[in-house]
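What follows is a single structure, written as structure tokens, with notes after it.
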Amino acid sequence: MKTVLTFPNSSHGGLGCKQAAGHQTTLTLGMGFGAEAEMAQILSDLSDLAGTVTQLSEDTEQESTSRINGDNALDVRINNQNTYINGVVTTLNASIAALSNQLAIYYAIYPKLVMAGVVEMVTGDTTISRPTGSTIDFTDSRYAISLTPEGPHEAWDITRNESSFDIHVFNRSGTNRIGYSGKVSYAIFQTTAIGA
């Protein structure tokens, strides 16, 4: 499920302006981790509020133009509208905070898949290294390594190193152990928070 939220950028805490409403920020959320309905409702509320803020900004500019043309009776209406816009912005910020809290909860769910892939082996030995810039320490037992040779084989084992792990897959020819030739799927899961 994917939800797109578009809302106007504005540095004005009270009075919106058409220039601000013309510059939009788009947030795209791909939600596949459990609370789709709740998060979709929050994002729907945010979208409604964003539309209201945009409309009020345009209305305020039109009313301000009318006042410049001599309609001084609009002062009270403009002040009331500015108060309402401030309330909308406050509600929008509260909704964004609620969404952030929900995301924090679901990002804290374990296990997490951190790496996965398929390698083609010829001799039965290969090394998988952590991505450039990653701080994964494969000697930490909170990283669970799952391995699945996709062809017939006798056994396999792994050797953990700090920045990589070695895969050894064995096959058999008669009474002799030989290297494995074929694909091997692997996945690394973080089972709990690091530092917990």
Side-chain angles (χ1 to χ4, degrees), residues 1-7 9 11 23-47 50 92-196:
M1 178 179 183
K2 183 176 286 186
T3 303
V4 177
L5 167 66
T6 301
F7 55 93
N9 290 332
S11 59
H23 298 279
Q24 295 182 329
T25 297
T26 300
L27 171 66
T28 302
L29 235 64
M31 295 180 296
F33 37 76
E36 293 87 352
E38 292 83 356
M39 292 187 182
Q41 184 59 54
I42 292 174
L43 287 172
S44 176
D45 293 341
L46 292 178
S47 296
L92 181 60
N93 288 334
S95 297
I96 291 172
L99 177 60
S100 297
N101 290 337
Q102 285 292 315
L103 290 175
I105 291 170
Y106 287 98
Y107 283 138
I109 292 177
Y110 292 90
K112 296 179 185 297
L113 176 65
V114 294
M115 280 183 65
V118 179
V119 293
E120 184 79 38
M121 303 184 72
V122 178
T123 63
D125 299 300
T126 194
T127 298
I128 304 297
S129 298
R130 64 189 179 194
T132 301
S134 171
T135 59
I136 295 172
D137 181 354
F138 290 113
T139 63
D140 191 328
S141 60
R142 286 170 291 192
Y143 289 106
I145 301 174
S146 175
L147 205 66
T148 307
E150 298 180 8
H153 61 284
E154 180 184 36
W156 60 266
D157 65 45
I158 59 174
T159 302
R160 291 175 179 256
N161 310 301
E162 181 177 345
S163 61
S164 65
F165 63 93
D166 303 321
I167 301 173
H168 315 280
V169 185
F170 310 105
N171 214 335
R172 181 165 294 279
S173 176
T175 58
N176 298 317
R177 175 173 280 185
I178 61 174
Y180 168 83
S181 178
K183 291 183 173 63
V184 175
S185 302
Y186 67 89
I188 296 95
F189 297 90
Q190 184 179 335
T191 59
T192 188
I194 302 301

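Along the sequence shown, residues are numbered consecutively beginning with 1.
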Got a second to check how far [X]'s [atom1] is from [Y]'s [atom2], nearest 0.5 Å?
{"X": "Thr126", "Y": "Glu120", "atom1": "OG1", "atom2": "CD", "value": "10.5 Å"}
{"X": "Trp156", "Y": "His168", "atom1": "CH2", "atom2": "NE2", "value": "11.0 Å"}
{"X": "Asn161", "Y": "Thr127", "atom1": "CG", "atom2": "OG1", "value": "7.5 Å"}
{"X": "Glu162", "Y": "Ile136", "atom1": "CD", "atom2": "CD1", "value": "12.0 Å"}

Query raised in the report: So, Tyr180 side chain and Gly151 main chain: donor-acceptor pair closer than 3.5 Å or not?
Result: yes
What I'd like to find out is whether the side chain of [X] reaches to under 4.5 Å of the side chain of [Y], using heavy atoms alone.
{"X": "His153", "Y": "Val184", "answer": "no"}
{"X": "Asp166", "Y": "Asp125", "answer": "no"}
{"X": "Phe165", "Y": "Ile188", "answer": "yes"}

So which heavy atom on [X] is nearest to which on [Y], and how close?
{"X": "Tyr143", "Y": "Asp137", "value": "CD1-O, 3.3 Å"}
{"X": "Asn171", "Y": "Pro152", "value": "ND2-O, 3.3 Å"}
{"X": "Leu147", "Y": "Ile158", "value": "CD2-CG2, 3.9 Å"}
{"X": "Met115", "Y": "Ser129", "value": "CE-O, 3.7 Å"}
{"X": "Thr191", "Y": "Tyr110", "value": "O-CB, 3.4 Å"}
{"X": "Val169", "Y": "Met121", "value": "CG2-SD, 3.8 Å"}

Requested in this report: Go through the structure and list residues passing salt bridge (Lys or Arg N to Asp or Glu O under 4.0 Å) with Arg160, not counting sequence neighbours.
Outcome: none
Query - Partner residues of Glu154 under the salt bridge (Lys or Arg N to Asp or Glu O under 4.0 Å) criterion, sequence neighbours left out - result: Arg172, Arg177
